[in-house]
Structure formats: structure tokens, C-alpha cells
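Written below as C-alpha cells is the structure these notes are about.
All values derive from a computational prediction rather than experimental measurement. Each ligand, and each atom within it, is numbered from 1 in the order the structure gives.
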Amino acid sequence: MANSAQTQELVYLVTGGCGFLGEHVVRMLLQREPRLRELRIFDLHLGPWLEELKTGPVQVTAIQGDVTQAHEVAAAVAGAHVVIHTAGLVDVFGKTSPETIHEVNVQGTQNVIEACVQTGTRFLIYTSSMEVVGPNIKGQPFYRGNENTPYEAVHRHPYPCSKALAERLVLEANGREVLGGLPLVTCALRPTGIYGEGHQIMKDFYHQGLRLGGRLFRAIPASVEHGRVYVGNVAWMHVLVARELEHRAALMGGQVYFCYDNSPYKSYEDFNMEFLGPCGLRLVGTRPLMPYWLLVLLAALNTLLQWLLRPLLLYAPLLNPYTLAVANTTFTVSTDKARRHFGYEPLFSWEESRTRTIHWVQTAEGSA
Ligand SMILES: NC(=O)C1=CN([C@@H]2O[C@H](COP(=O)(O)OP(=O)(O)OC[C@H]3O[C@@H](n4cnc5c(N)ncnc54)[C@H](O)[C@@H]3O)[C@@H](O)[C@H]2O)C=CC1
Ligand SMILES: CC(C)CCC[C@@H](C)[C@H]1CC[C@H]2[C@@H]3[C@H](O)CC4=CC(=O)CC[C@]4(C)[C@H]3CC[C@]12C
């Protein structure tokens with residue numbers, strides 16, 4: 001990629017660069033990739049915060065575009081050395097149709113791959129998800145698993161199905177010849193549930209707690225463990241992979257890596273309380289206040305209501321059979337593959353990740 005570590009000669013493209021993760025990747029690249037000459041940010045919706053980035057030494061190019069439009073993607077990719085493809089539809093609440101989720105997540109990814117091949121871009125990093133593995137439809141636990149842990153990865157929900165298909169496309173594209181004759185080098189990163197500044201669901205729980213008089217009610221047993229990862233560390237892993245992919249192409253090409261850090265394993269709700277507690281909320285109950293069968297019933301009822309109300313309004317509550325199953329299934333990763341392959345260490349300690357997230361919840365308080 002670069003002849004000298006000090007020259008600014010690289011062009012990067014971040015798709016979905018205005019999303020929750022994408023913004024952190026963009027900011028991290030500007031802070032920690034000294035060889036960057038131009039940073040292209042491609043997103044369906046461009047954020048106003050991009051303006052402040054345009055005054056720095058790196059040329060920041062904002063491109064409003066749609067990954068489902070092959071020509072728009074090809075135009076954005078042309079001339080880029082590295083593509084970080086984070087754009088995607090993260091919908092587990094039934095807000096969008098399964099067809100749209102497939103179009104954006106699978107066809108969009110295919111468009112990114114073809115654009116790399118046609119224009120000669122050699123390095124592609126794909127933001128996949130733990131959901132590619134599980135939890136599966138049987139709700140089997142994945143306990144301290146790594147990239148090689150056997151697990152029956154069977155899905156029905158459109159989101160994990162689309163991420164699994166897209167990940168496979170990216171991995172299969174590794175080694176394809178790009179314009180100019182050199183091979184494409186790809187890899188996929190699989191974050192677990194991401195938290196940190198900009199995490200919309202965390203904000204939703206916070207506002208729900210405020211509405212309930214500073215309380216949240218435990219729904220899931222504390223014994224169900226989730227592995228979560230701080231957004232700054234996910235962004236850092238993307239930046240490191242992008243940096244190392246050329247020099248370690250034989251080792252890293254076609255590989256998947258879970259995104260992990262030192263955040264503690266806890267239930268989804270107990271983990272959220274690490275941030276919402278210091279913001280004044282309380283989680284009521286040491287055990288779930290409702291029996292599980294009732295939650296299952298409510299989740300099914302929500303699905304029915306969503307379907308009935310669809311012609312009139314969009315009803316998309318947090319609780320549905322899929323989110324309940326994910327929330328109620330242990331899924332924790334324990335791996336050092338990223339450390340072994342490209343020297344990844346979390347950039348932010350758990351204490352720092354926690355402090356930053358608490359600060360964000362407190363300051364974002366007014367913006368529901
Ligand atoms: N949030 C999480 O806990 C996790 C997210 N991921 C993956 O990380 C990636 C980023 O997710 P988040 O930042 O959480 O989501 P997000 O919704 O905040 O960001 C996605 C971005 O993609 C853009 N986008 C959507 N459709 C597009 C299209 N057709 N063309 C161009 N841009 C489009 C959106 O405008 C948005 O800015 C996704 O691929 C997601 O599957 C993986 C694991 C966990
Ligand atoms: C009221 C319910 C009982 C609790 C609802 C919590 C759920 C909304 C969330 C519990 C687990 C979350 C998912 C998990 O963190 C893994 C994910 C990975 C992704 O790639 C996308 C997001 C998500 C599916 C995430 C979505 C919200 C939960 C289901």
C-alpha cells in the first residue's frame with residue numbers, strides 16, 4: 001500500500017460512515033492512520049458533523065449514495081486503496097421488509113465487491129456480526145466461543161440471514177483478480193453487541209427508564225450472559241485490519257475475526273445498568289418480574305399487532321420473538337485470533353469505555 005510510513009498517499013472509503021459504528025471508524029482513521037490522503041465517506045444519509053472534519057490535513061469527501069446502486073458504489077470506490085464496508089440495515093424489529101434487508105445487506109455487499117474488482121481496489125474489510133453465528137433458532141448457548149467453536153448456525157430472521165450471506169460473499173471474493181491483475185484481499189469482522197457513544201438502543205432504554213420514574217424492570221435472568229464490545233475498540237480493530245491486510249495478506253485474507261475487548265460478560269440488562277445506573281436508573285428485581293412464558297406470549301402478540309397495524313402505522317417495539325430469543329440466550333466470545341494475526345489489543349480499557357459511555361448517556365440526555 002505505502003512505500004513510506006510517513007507519506008500521505010492512501011485513499012480509504014468507509015461505507016455507512018455516518019452510522020453508529022461508521023462515525024467511530026471515520027474519526028479513528030483520521031486520528032490513527034497517518035498515511036491517509038483522502039477519506040471518502042459514503043452513506044445514504046450524511047451527517048452535519050462531517051463539515052467539521054473538512055478543515056483537517058486529510059481530504060474528507062462526503063458521498064451521498066446507496067449501496068444498492070452499483071454505479072454509485074463503483075464511482076465511490078474508484079481509486080480507493082482500501083474499502084471498509086460497514087453500511088447495512090440493522091433491523092431486528094421489523095421496521096423494514098425482509099426484501100429490503102436482503103437488498104441492502106447482501107446485494108449492497110455484492111456491489112461493493114464488484115466495484116473493487118472492476119476498479120482495482122485490493123483491500124476490503126467487511127463489518128459482519130456475531131449474528132452470523134448465533135444465537136441460532138434453537139437458542140443454544142455459545143459460551144466463551146472462538147472462531148473455530150462448532151455451533152449450529154441456523155437462522156430464520158432476515159437480519160442474521162443477510163449478514164451470513166454477505167459475509168460468505170466477502171470471504172469467497174478473497175483472491176479474485178481485480179483490475180490490474182492483482183488479487184483482492186478480504187476479511188470479515190464479527191462484532192458482538194456494540195455499545196458506546198451513539199448507541200440508539202441504550203438511549204431508548206434510558207428514556208424508557210426515565211418515563212418509568214427512574215426504574216427498569218428485569219425481564220431476563222441475570223445468569224444469561226452476553227459478550228459486548230465497546231464501539232471505539234471495534235473501530236480500532238477495523239483500522240488495524242486495514243493497515244495490516246497488505247503485509248499479512250496470506251494469513252489474514254479470507255479470515256473472520258470476532259471483535260472483542262475486556263468488557264465484562266453480563267446479562268444484557270445488567271450490562272446496560274453499568275451505564276444507566278450512574279445516570280440515575282435502577283433495575284428492579286433480582287429475578288425477572290414476569291414469567292418467561294408471558295414474555296413469549298407478549299412477544300408473539302407484538303408480532304400479531306405489527307402485522308395488523310401495518311396498513312395504518314409502523315408498530316416496531318423492542319420485544320418480539322427474535323429479540324427475546326437473542327436477549328435470553330448466552331452468547332459470549334473468548335478468542336485471541338485478532339491479537340495473534342495482526343497484533344490487536346483493545347485501545348480503550350473497560351473503565352475508559354464505561355466512563356465514555358456514561359458521559360455520553362448523561363450529555364445526550366435531552367435528545368430522545
Ligand atoms: N450495532 C451492533 O450492535 C452491531 C452492528 N453490526 C454491523 O455493523 C454495521 C454498522 O452497524 P451500526 O453502526 O450499528 O448501524 P447504523 O444503522 O447506525 O449504521 C449503518 C449505516 O449504514 C447506512 N446505510 C444503510 N443503508 C444504506 C444504503 N442502502 N446505502 C448506503 N448506506 C446505507 C445508514 O445510513 C447508516 O449510517 C452493520 O453492518 C451492522 O450489521 C455488527 C454487530 C453488532
Ligand atoms: C425487552 C427485551 C426482553 C430485551 C430487548 C433487548 C434486545 C432489543 C437486544 C438484546 C440483544 C440485542 C442484539 C445483540 O446485541 C446482537 C446484535 C448484533 C447485531 O449485529 C445487530 C444488533 C443485535 C441483533 C442486537 C439487537 C438488540 C438486542 C436484540
| Within a strict 4.5 Å, meaning less than it, do heavy atoms of the Phe342 and Met237 side chains meet? | yes
| task | Identify whether the distance between the nearest side-chain nitrogen and carboxylate oxygen of Arg354 and Glu274 falls below 4.0 Å. | result | yes
| request: Within a distance under 4.0 Å of any heavy atom of Ser129, pick out the atoms of ligand 2 and give their elements. | output: 18 (C), 19 (C), 20 (O)
| said: Side-chain heavy atoms nearer than 4.5 Å, only ILVMFWY residues, links allowed to pass through others: does that put Val83 and Val239 together? | reply: no
| Ligand-side contact atoms (ligand 2) for residue partner Gly193, heavy atom cut-off under 4.0 Å | 15 (O)
| field | Closest candidate by heavy atom, reference atom 13 (C) of ligand 2, pool Leu216, Leu298, Val229, Val326 | value | Val326
| message | Only heavy atoms of Ile201, strictly under 4.0 Å: list the atoms of ligand 2 that pass. | response | 27 (C)
| query | Can you list the ligand 2 atoms lying under 4.0 Å from a non-hydrogen atom of His226? | reply | 11 (C)
| said: For atom 12 (C) of ligand 2, what's the nearest protein heavy-atom neighbour? Residue, atom name and distance, please. | reply: Tyr268 CE1, 3.8 Å
| said: I want to confirm something. Looking only at heavy atoms, which of Tyr159, Phe217, Phe331 is nearest to atom 19 (C) of ligand 2? | reply: Tyr159
| field | Tyr344 and Tyr260 aromatic centres sub-6.0 Å | value | yes
| request: Look at atom 16 (P) of ligand 1 and say which protein heavy atom is nearest, naming residue and atom and giving the distance to 0.1 Å. | output: Phe20 N, 4.0 Å
| query | Just heavy atoms, cut-off under 4.0 Å: does Asn328 contact ligand 2 by side chain, backbone, both, or neither? | reply | neither
| task | Between Met130 and ligand 2, find which residue part has any heavy-atom pair under 4.0 Å and reply side chain, backbone, both or neither. | result | side chain
